[in-house]
Number of protein chains: 2
Amino acid sequence: MRRPLTERHEVLPALAEVFREHGFEGASLTRIGQATGLGKGSLYHFFPGGKTEMAAAVLAEIDAWFEAHVFAPLCGVQDPERAVGAMLESIGRYFHSGRRVCLVGLFALGDARGTFARPVRTYFRRWVDALASALVRGGLAPASAADLAEDAVMTIQGAIVLTRALEDPRVFERAGSRVRERLRLKRR
Amino acid sequence: MRRPLTERHEVLPALAEVFREHGFEGASLTRIGQATGLGKGSLYHFFPGGKTEMAAAVLAEIDAWFEAHVFAPLCGVQDPERAVGAMLESIGRYFHSGRRVCLVGLFALGDARGTFARPVRTYFRRWVDALASALVRGGLAPASAADLAEDAVMTIQGAIVLTRALEDPRVFERAGSRVRERLRLKRR
DNA sequence: GTCTATAGATCGATAGAC
DNA sequence: GTCTATCGATCTATAGAC
């Protein structure tokens, strides 16, 4: 019952980066092995379900991170306007100003689409709902809040696509400014 | 010098659909063969460069389609407001209200990223510029037009991501309404 | 031009030594 | 737990018959 030298949890960040970089199909076990420093034997020891279980674990970790650092704060008791600002700052850092892909968005677009449809749907629904709840507590009508939240999340996803396409992080920064302005504007 | 029974051009739509459905890495020659009804021999006859050349040809065809049906009309002499409306209608049909992936956006996110960076960048830059030019002719200042055009294109890309994630085409339709409203609102 | 057969590499996954 | 060796399947690409 001793603590193992390497825990499953510890390899998840490297694992996530491989999936982000190469997609599900492109993330070969060889590449995963190089990125994590683990042989196939060890990988299958931690993830008996193989690559699918690895990707599922990564998605779960991402979801947990967003739940703790983005979704929950949005639903928290503190000033909603502050919470929205904090969200934009958090995700700006998380996505490296759009240089880093959103793995959930990538999976939504087609890479291993069917397999992870449910966690993908849950993640985005939760994001939109959490943001909408903050807007409602900020004084917005539920219908407008839902509309505005949906718009904000899709703008962020689109900003990642366009930032990578144009290879210009300023695209992401400008998107952040627009979203911030829109979320503030409507409340007055 | 007789006309061949099958022309390279004729298999491009089926080819494009395979890449959209499975991404670059996931589009195996077996699947491509099934979708096009061509054996590997024939495929390599039309595309000596293999899968990379197939994807490049598909991207070129997509670019040509958008140039003819979206970009050029935006830069045309007709009423800019009408042109913007026509763009939204065109892309709504093209992307099947967000159920169909934008292959260029998918490639931008990571699937075969390095290989097609240039056509991807060109496509999106052209799209933003064409839309901005229409807005300028509609009476907007160049700076605002560029900002608004960038926002519109990224919203559409994000709408595709979110529509597929939530499996709800109404997400895309709502995005179209918002973009239409934003592009109209600012001009007055 | 189109096919089948197949090469050669790499894939995901497993087995078993240590 | 971690490794190496290796399996069978699948991959891209080629060769050659027709």
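A, B, ... follow the sequence lines: proteins, then strands. Residue 1 opens every chain.
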Query raised in the report: Quick one: what's the B/S/- string for nucleotides 13-18 of chain D, heavy-atom cutoff under 4.0 Å, read 5' to 3'?
Result: BB----
Interatomic distance where [atom1] belongs to [X] and [atom2] belongs to [N] [whole Å]:
X        : N       : atom1 : atom2 : answer
Leu43(A) : dC3(D)  : CG    : C1'   : 12 Å
Phe47(A) : dG12(C) : CZ    : P     : 15 Å
Leu38(B) : dG1(C)  : CG    : C1'   : 9 Å
Glu10(B) : dT2(C)  : CD    : C1'   : 15 Å
Gln34(A) : dC3(D)  : CD    : C1'   : 16 Å
Ile32(A) : dT10(C) : CD1   : C1'   : 14 Å
Arg8(A)  : dT2(D)  : CZ    : P     : 14 Å

Identify, with sequence neighbours excluded, every residue that meets side-chain hydrogen bond (donor to acceptor under 3.5 Å, both in side chains) alongside [X].
X         : answer
Asp168(B) : Arg170(B)
Arg113(A) : none
Ser97(A)  : Glu173(A)

Report task. Report yes if at least one side-chain N or O of Ser28(B) is closer than 4.0 Å to OP1 or OP2 of dT10(D); otherwise report no. Result ->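 For Ser28(B), the contact criterion (side-chain N or O under 4.0 Å from OP1 or OP2 of dT10(D)) is not met.
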Report task. Look at Ser42(B) and dG1(C) and indicate whether a side-chain polar atom (N or O) is within less than 4.0 Å of OP1 or OP2. Result ->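 Checking Ser42(B) against dG1(C): no side-chain N or O falls below 4.0 Å of OP1 or OP2.
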**Report entry** Residues Arg99(A), Glu167(A): salt bridge by 4.0 Å N-O rule
**Finding:**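 Not counted as a salt bridge, because no side-chain N and carboxylate O are separated by less than 4.0 Å.
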Taking ring-ring contact (aromatic ring centres under 6.0 Å, His included) as the definition, give me every residue that meets it alongside [X], ordered by chain and number, with sequence neighbours left out.
X         : result
Tyr44(B)  : none
Phe172(B) : none
Phe124(B) : none

Report task. For Ala27(A) and Ile32(A), work out which heavy atoms get closest and say how close. Result ->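 Result for this residue pair: O-CD1, 3.9 Å.
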Query raised in the report: Heavy-atom contacts under 4.0 Å between residues 13-27 of chain A and DNA chain D, which residues?
Result: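 Correct list: empty, so none.
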Requested in this report: Can you sort out the partners of Arg82(A) under salt bridge (Lys or Arg N to Asp or Glu O under 4.0 Å), two or more places apart, ordered by chain and number?
Outcome: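 Applying salt bridge (Lys or Arg N to Asp or Glu O under 4.0 Å) to Arg82(A) gives none.
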**Report entry** Residue list, salt bridge (Lys or Arg N to Asp or Glu O under 4.0 Å) with Glu67(A), at least two apart or on another chain
**Finding:**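 Residues passing salt bridge (Lys or Arg N to Asp or Glu O under 4.0 Å) with Glu67(A): Arg126(A).
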Requested in this report: Would you work out how much the helix from dG1(C)-dC18(D) to dC18(C)-dG1(D) bends between its ends, with each end axis defined by five base pairs, to 10 degrees?
Outcome: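 It comes to 10° between the two terminal axes.
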Quiz: residues 129-143 of chain A side-chain donor-acceptor pairs under 3.5 angstrom, not counting sequence neighbours:
{"residue": "Ser133(A)", "atom": "OG", "partner": "Ala130(A)", "partner atom": "O", "Å": "3.0"}
{"residue": "Arg137(A)", "atom": "NH1", "partner": "Gly76(A)", "partner atom": "O", "Å": "2.7"}
{"residue": "Arg137(A)", "atom": "NH2", "partner": "Leu74(A)", "partner atom": "O", "Å": "2.3"}
{"residue": "Arg137(A)", "atom": "NH2", "partner": "Gly76(A)", "partner atom": "O", "Å": "3.4"}

